[in-house]
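Here is the structure we will look at, set down as structure tokens.
Predicted model only: the values in this text are computed from it and were never measured. Values below: all heavy atoms of this structure, side chains included; hydrogens, waters and symmetry mates excluded.
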Amino acid sequence: MDLTIKKSEYKKKRKLTDTLFDIGVYGFAILLMLLIIYPLWFVIIASFSNPAEVANGNVWFWPSEWKLDGYMELFKQDIIWRSYFNTILYTIVGTFVALAVNIPAGYALSRKDLVGRKWISLFYIIPMFVGGGLIPTYLIIKEFGLLDTFWVMVLPFAVSTFNIIIARTFFSTSLPEGLWEAAQIDGCNTFRYFFSFVIPLSKAILAVIGLWTAVGIWNSWFNALIYLTNEDLQPLQLVLRRILIANESLLGATSGSLATELRQLSDMMKYAAIVVSTLPIMCLYPFLQKYFNQGVMIGSIKE
């Protein structure tokens with residue numbers, strides 16, 4: 001009887017502590033979520049608000065005096081549409097090339113019967129920590145004739161040692177060895193096994209590496225600044241940077257009420273540029289989220 005009473009008291013205490021712990025965890029998660037979401041929300045509402053109200057701190061949760069001046073002025077630039085198309089094309093082709101290079105490399109390194117596996121892995125890892133630098137890279141790209149071409153934004157940086165290691169770990173921990181043995185018995189060669197079995201079973205890691213690559217290419221502007229001088233080939237991020245710098249230079253050459261108006265318009269364009277440049281890539285997350293979580297967790301298991 002006493003034992004039953006003690007067990008019931010223990011369960012009550014445990015339920016209370018569990019409830020308090022859950023409240024603390026959920027509270028912290030909600031706070032963290034707000035800290036992440038609110039800055040994004042503020043940028044969106046600020047892009048539609050009167051810049052004077054934003055500067056005075058009167059915009060918090062909802063736009064004040066709805067205005068589209070920032071978006072209208074931004075999209076008046078004809079080069080925006082061309083650069084948008086370039087960025088989309090760079091992202092699609094670059095992601096496909098990166099997957100075509102890194103996924104087979106990761107699978108090959110996951111095979112224990114690969115001859116020279118350790119030396120090949122070392123060959124990949126050394127450049128991850130020791131790089132030649134900007135000038136040697138520029139000279140190599142120039143010698144290959146890639147300067148001011150579409151492929152300079154796709155080919156030179158397609159190989160990622162980090163992504164290869166993640167893919168290798170995923171294949172090593174997720175694909176049973178018996179599957180390959182069964183495929184061999186049925187007369188399946190390596191290439192057919194890779195495309196018929198490995199790829200369909202690797203949606204998680206494909207989504208993770210694809211998303212990482214796509215976000216990196218979409219946000220890239222420094223490579224375009226160094227290797228592209230042709231404005232028709234420049235991506236969105238670099239064009240937006242140039243427009244905002246031009247506006248700042250124009251502000252420095254004016255004064256009085258005109259300077260105030262230009263300052264307000266420039267602020268609206270900044271917020272609009274952030275929304276325009278980040279919204280499309282953010283729309284990918286809901287479609288890849290279920291694969292993203294699974295791929296990160298499996299790919300993080302130590303081999």
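- Each of Leu238, Val239, Asp232 was evaluated against Ser83; a single residue qualifies, Val239, per the side-chain contact (heavy atoms from CB on, under 4.5 Å) test.
- Atom CH2 of residue Trp81 and atom CG of residue Leu236 lie 10.5 Å apart, to the nearest 0.5 angstrom.
- Side chain of Gln237 to backbone of Trp218: a donor-acceptor contact under 3.5 angstrom is found.
- Hydrophobic side-chain contacts under 4.5 Å tie Leu122 into a cluster, directly or through other members, with Trp119, Ile126.
- You'll find the side chain of Met153 stays beyond 4.5 Å of the side chain of Leu233, heavy atoms only.
- Of the possible donor and acceptor atoms, none in the side chain of Ser220 sits under 3.5 Å from a partner among the backbone N and O of Ile217.
- When each of Thr190, Leu175, Ile103 is tested with Val198 by the rule side-chain contact (heavy atoms from CB on, under 4.5 Å), just one qualifies, namely Leu175.
- At distances below 3.5 Å, at least one donor-acceptor pair connects side-chain atoms of Arg117 with backbone N or O atoms of Leu109.
- In this structure, Thr213 contributes its side chain and Ala98 its backbone to no donor-acceptor pair below 3.5 Å.
- For Thr229 and Asp148, the side-chain atoms include at least one donor-acceptor pair closer than 3.5 Å.
- In this structure, the ring of Trp212 has its center less than 6.0 angstrom from the ring center of Phe162.
- Without hydrogens or angle criteria, Thr149 side chain to Leu146 main chain gives a donor-acceptor distance under 3.5 Å.
- Atom CG of Asn163 is separated from atom CZ of Arg168 by 13.0 Å, given to the nearest 0.5 angstrom.
- No more than 12 heavy atoms of other residues, nucleotides or ligands sit less than 6.0 Å from atom CD1 of Ile135.
- The OG atom of Ser172 lies 7.5 Å from the NZ atom of Lys112; values are rounded to the nearest 0.5 Å.
- Within the hydrophobic cluster formed by Ile, Leu, Val, Met, Phe, Trp and Tyr side chains joined at under 4.5 Å, directly or through other members, Phe123 stands alone, with no partner residue.
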